[in-house]
Every structure is written in structure tokens, then in C-alpha cells.
Amino acid sequence: MIKNDRYLRALKGETLDRPPVWMMRQAGRYLPEFMKLKEKYDFFTRCQTPELAAEITVQPIRRYGMDAAILFSDILVVPQAMNIEVEMKNGVGPWLPNPIRSMADVDKVIVPNIEETLGYVMDAIRLTKQELNDAVPLIGFAGSPWTLLCYCIQGQGSKNFDKAKEFCFTQPVAAHTLLQKITDTTILYLKEKVKAGVNAVQIFDSWGGMLSPVDYQEFSWKYIQQIIEALKDDAPVIAFGKGCWFALETMAESNASALGVDWTLTPKMARKLAGPHMTLQGNFDPTRLFSPPTTIKKMVTAMIDDFGKDKYIVNLGHGILPNVGLDNAKAFIDAVKEYKQPES
Ligand code: CP3
């Protein structure tokens, strides 16, 4: 039994005294204890060494006491396992030396044996569960097929992922073949993660908002939906789509347990689009953590009032930025813990 199960209860839509809180990318570069490990071990060593991954996962919980932990890993371990080379270059970020550009390249991509290629993630989950000792739930995650395709084709981060979109629009059969291979791998991967001990899974569609509403349905949502359908009986699924407010109504018709939203829409708009029954997660502008702590607290309280305290998980609208102050991150978490519902 998990002692603090607030996050899991919000996913079920239960009534709570206050909503749960965690921060996307909470295990990372704004923490000095993380930076110490980053100096000693390169990125994929940190992901592949269960002791390091578990330690980094628990660091933010120890410091701030969020209501959920998210496993330290990366969405790009999946393409790696599928026979696509992925490096993490300092100052550049993800770097794929041989991006996919043709059907022949897609043919070389495999749907791998998960235990053989990603067993280290399962080991990290088991070790993290031991260290958490059921204090809070552990979230597992994967990138959406579309967001992974973006990196596989483009070869690196991009302002517009033009090469990825050109590939989809000029070689749709190859694009859909690749998307389906990523989807099949992701389903196997997330099912193994649940078996290893994660309590919920989040799908990060970080670049879904790059697509027009029509293209989003064809190249992204269709595949996320397959993942939700395949996982829904194993664990709660949270779908986060950055810039995807235009699809919220459709997303809310799915069997997702919650939908993540960014800061480009108001809580009231999100509720209206998603309907009263869907749990929502979000949507504090990550750069608003640069405001003074007293301002952050006021804004977080107002955000909870606007979303409503139930069927809601407090989060940022995207990942925390590396240069955010420790006291500013603390103000965000504390504001939620100190939340009192206004007298009606
Ligand atoms: O706390 C957590 O959220 C768990 C850890 C986590 C990382 N990556 C660690 C990481 C998670 C959930 C991710 C997901 C991820 N990775 C996404 C989806 C979420 C999002 O932010 O949109 C994406 C798009 C990636 C791909 C990726 N990995 C990028 C673009 C970068 C480089 C840019 C950056 O943020 O530094 C990474 C590297 C990465 N992944 C780092 C961390 C802590 C920083 C590099 C390092 O520590 O050496």
C-alpha cells in the first residue's frame, strides 16, 4: 500500500482536501545534488545504472516532498533499443548521427525484445521502488510515437521539426510504418514498466503542437490512442500534449485517466474542452518560476481555484527549466501543500 496515494486518487477522480503536485522534469538540472552526479557520469550511464537512476529519481522527493516520483530516464532510450543510434551531446542535446530518411532506413528499425534491450530500466524501477518504500507512487513514461519520430527523422531538437514533417508529408507510408513500430515497442515497454512496479504511465507528446489539428489526428493522436487502449487495464495513463489544446475535446473521449495541458490556455478553457469528468494536469508556465516566491504562491493558489481542487493534478505546463532557483521550486510545491479551499 502506498502511504501518500493522493496522486493515484486524483487519477481516479476522488475528492481530496488538496490536489497532488509534482513537476515535469523534476529529476534534473536545477538540483545541485543532480549536478554533482552529472559531473561524474555521462547521460546514458546515468540512465543505464539502476543505482544512479534510482538516486536521481528520489532526490527531488527528498528535498521537496512531491506527491509522486518520476523515474529518471529519457524518452530516447526507446529509439536506441530499436536499433537507432542516439547520443546526448553537451550543449546540443539529443544527437542522432544516422537519422532516418527513407523506407530502407525504416526497414532496419526493429521492434526489440524489451528485457534484452531495456532491462536496465526495469532494474532501475525495482530499485527505486525499494528506495521509495511506498512513500509515494512512481510514474513511468514514454515519448509519444510522433515525438520520437521527430527526433528519429530530424536527428536533433528543432524549432519546427521541418525535416520530420516533410518526411511524413512526402513519404506517408514509411512514416506510418515507423510510427507503428514505435507504437508496438512502446506498448511492450510500458507493460514491462508496469510489471516492474510503476504505478502510472505518462505519455509525453512534447511536439504534438507542431502539427495542424488534422495532421495531429493522423500522425500523433491515432497512435497515442492505441497505447492508451493497450495499457488502460494495466495502469492509469496520462497523456500530455504540448500545444495540443485544439485536440482536448477528442482526447477527453479516450480512456486516458488524465490529460496534461500547457499554459497556452486557461484552466477554465481546459475544463470546458475536456468536460467535467476528466482529471487535468498542469499548467503553470515554467518561466513563471522566475517570479518571486510570494508571487508564485499567489499564482498557484489562483490556478488551483480555477481548475478546482478535484480531478486535478498540479504541475507545470512543460518541464522545469535548469536555471530556476531552489526556493522558487519550493514555493511552487509548498503553495499546493498549504492550499485551503475558499469559503463558499
Ligand atoms: O524528472 C523527470 O522528468 C525524469 C527525467 C526525464 C528526462 N527526460 C531526463 C533528462 C524525462 C521525463 C525526460 C523526457 C524527455 N526527454 C522529453 C519529454 C518531456 C519534455 O521535456 O518535453 C523529451 C522531449 C526528451 C528529449 C531530451 N532529453 C532533450 C530535448 C534533452 C536535452 C535538452 C535538455 O532538456 O537538457 C534531453 C536530455 C535530458 N533528459 C536531461 C535530463 C535531466 C538533461 C541532460 C543531462 O542531464 O545530461
Side-chain angles (χ1 to χ4, degrees), residues 21-49 52-64 66 68-80 84 86-96 121 124-125 128 136 138-152 154-159 161 164 186 189-190 193 198 200-210 220 224 238-244 260-263 281-282 286 315-324 329 333:
V21 58
W22 69 282
M23 294 189 293
M24 286 193 278
R25 306 291 291 270
Q26 68 190 14
R29 300 156 302 170
Y30 65 107
L31 291 175
E33 53 272 39
F34 172 85
M35 293 310 287
K36 267 195 199 153
L37 292 177
K38 187 179 152 101
E39 275 166 28
K40 277 205 226 154
Y41 307 97
D42 71 51
F43 183 70
F44 286 113
T45 304
R46 274 174 276 147
C47 292
Q48 289 163 5
T49 312
L52 292 174
E55 166 60 20
I56 296 170
T57 302
V58 178
Q59 280 177 347
I61 309 299
R62 235 180 249 141
R63 185 183 273 270
Y64 295 122
M66 290 91 168
I70 180 161
L71 184 75
F72 178 78
S73 184
D74 200 80
I75 61 169
L76 297 170
V77 301
V78 168
Q80 249 178 0
I84 302 169
V86 182
E87 298 167 20
M88 196 58 71
K89 276 197 181 174
N90 269 337
V92 178
W95 174 257
L96 292 76
V121 178
I125 291 169
T128 306
V136 289
L138 178 62
I139 305 167
F141 67 88
S144 75
W146 160 252
T147 291
L148 290 179
L149 175 142
C150 280
Y151 288 102
C152 293
Q154 196 84 23
Q156 59 182 306
S158 166
K159 281 204 169 72
F161 286 99
T186 302
Y189 176 54
L190 290 177
K193 278 183 148 173
V198 300
V201 295
Q202 175 157 324
I203 299 160
F204 282 93
D205 195 10
S206 304
W207 309 128
M210 295 276 173
S220 189
I224 295 177
I238 303 92
F240 165 71
K242 184 168 177 288
C244 298
V261 287
D262 70 14
W263 62 98
Q281 172 176 283
N315 208 312
L316 306 172
H318 198 197
I320 186 168
L321 296 166
N323 42 348
V324 160
I333 305 294

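Atoms within a ligand are numbered from 1 in the order they appear, just like the ligands themselves. One is the number of the first residue; the rest follow in order along the sequence.
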Check: When only distance counts, is D74 in polar contact with ligand 1, meaning an N/O pair under 3.5 Å?
Finding: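 By distance alone, the answer is yes.
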Can you figure out which of [options] has its heavy atom closest to [atom]?
atom                    : options             : value
atom 14 (C) of ligand 1 : L37, I75, L71, V77  : I75
atom 21 (O) of ligand 1 : Q156, R25, K89, K38 : R25
atom 38 (C) of ligand 1 : Q26, M35, R29, M88  : M88
atom 9 (C) of ligand 1  : G157, A27, S73      : S73

Please confirm whether [X] comes under 4.0 Å of ligand 1, counting heavy atoms of the residue only.
X    : value
Q202 : no
K242 : no
F240 : no
C47  : no

Notebook entry, point to check: Considering only heavy atoms, does T57 approach ligand 1 within less than 4.0 Å through its side chain, its backbone, both, or neither?
Noted result: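 T57 to ligand 1: no contact under 4.0 Å from either part.
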Could you list which atoms of ligand 1 come closer than 4.0 Å to a heavy atom of [X]?
X    : answer
P94  : 27 (C), 29 (C), 30 (C), 31 (C), 32 (C)
F204 : 12 (C), 18 (C), 19 (C)
H318 : 20 (C), 21 (O), 22 (O)
F72  : 9 (C), 43 (C)
R46  : 46 (C), 47 (O), 48 (O)
F34  : 43 (C), 47 (O)
S206 : 18 (C), 19 (C), 20 (C), 22 (O), 24 (C)

I'd like to know if the side chain of [X] and the backbone of [Y] have a donor-acceptor N/O pair within less than 3.5 Å.
X    : Y    : value
W146 : W207 : yes
D262 : K242 : no
S73  : C47  : no
R25  : H318 : no

Note to self: What I'd like to find out is whether the side chain of M88 reaches to under 4.5 Å of the side chain of P94, using heavy atoms alone.
What the structure shows: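 Yes, at least one pair of side-chain atoms sits under 4.5 Å.
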Note to self: Any heavy-atom pair between the side chains of F141 and I238 that's under 4.5 Å?
What the structure shows: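 The answer is no, as the side chains (C-beta and beyond) never meet within the 4.5 Å cut-off.
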Item checked: Heavy-atom nearest neighbour in the protein, as seen from atom 24 (C) of ligand 1, with distance rounded to 0.1 Å ->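 Checking every protein heavy atom, the shortest distance to atom 24 (C) of ligand 1 gives Y151 OH, 3.5 Å.
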In Å, rounded to the nearest 0.5 Å, how long is the span from [atom1] of [X] to [atom2] of [Y]?
X    : Y    : atom1 : atom2 : value
Y41  : I56  : OH    : CD1   : 10.0 Å
L190 : I203 : CG    : CD1   : 6.5 Å
Y64  : L31  : OH    : CG    : 6.0 Å

Check: Could E33 and R62 be called an ion pair, given the rule that one side-chain N must be under 4.0 Å from one carboxylate O?
Finding: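 Judged by the 4.0 Å cut-off on N to carboxylate O distance, E33 and R62 do not form a salt bridge.
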Check: Above 12 or not: heavy atoms from other molecules or residues under 6.0 Å from CG of N90?
Finding: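 Not more than 12 within 6.0 Å, no.
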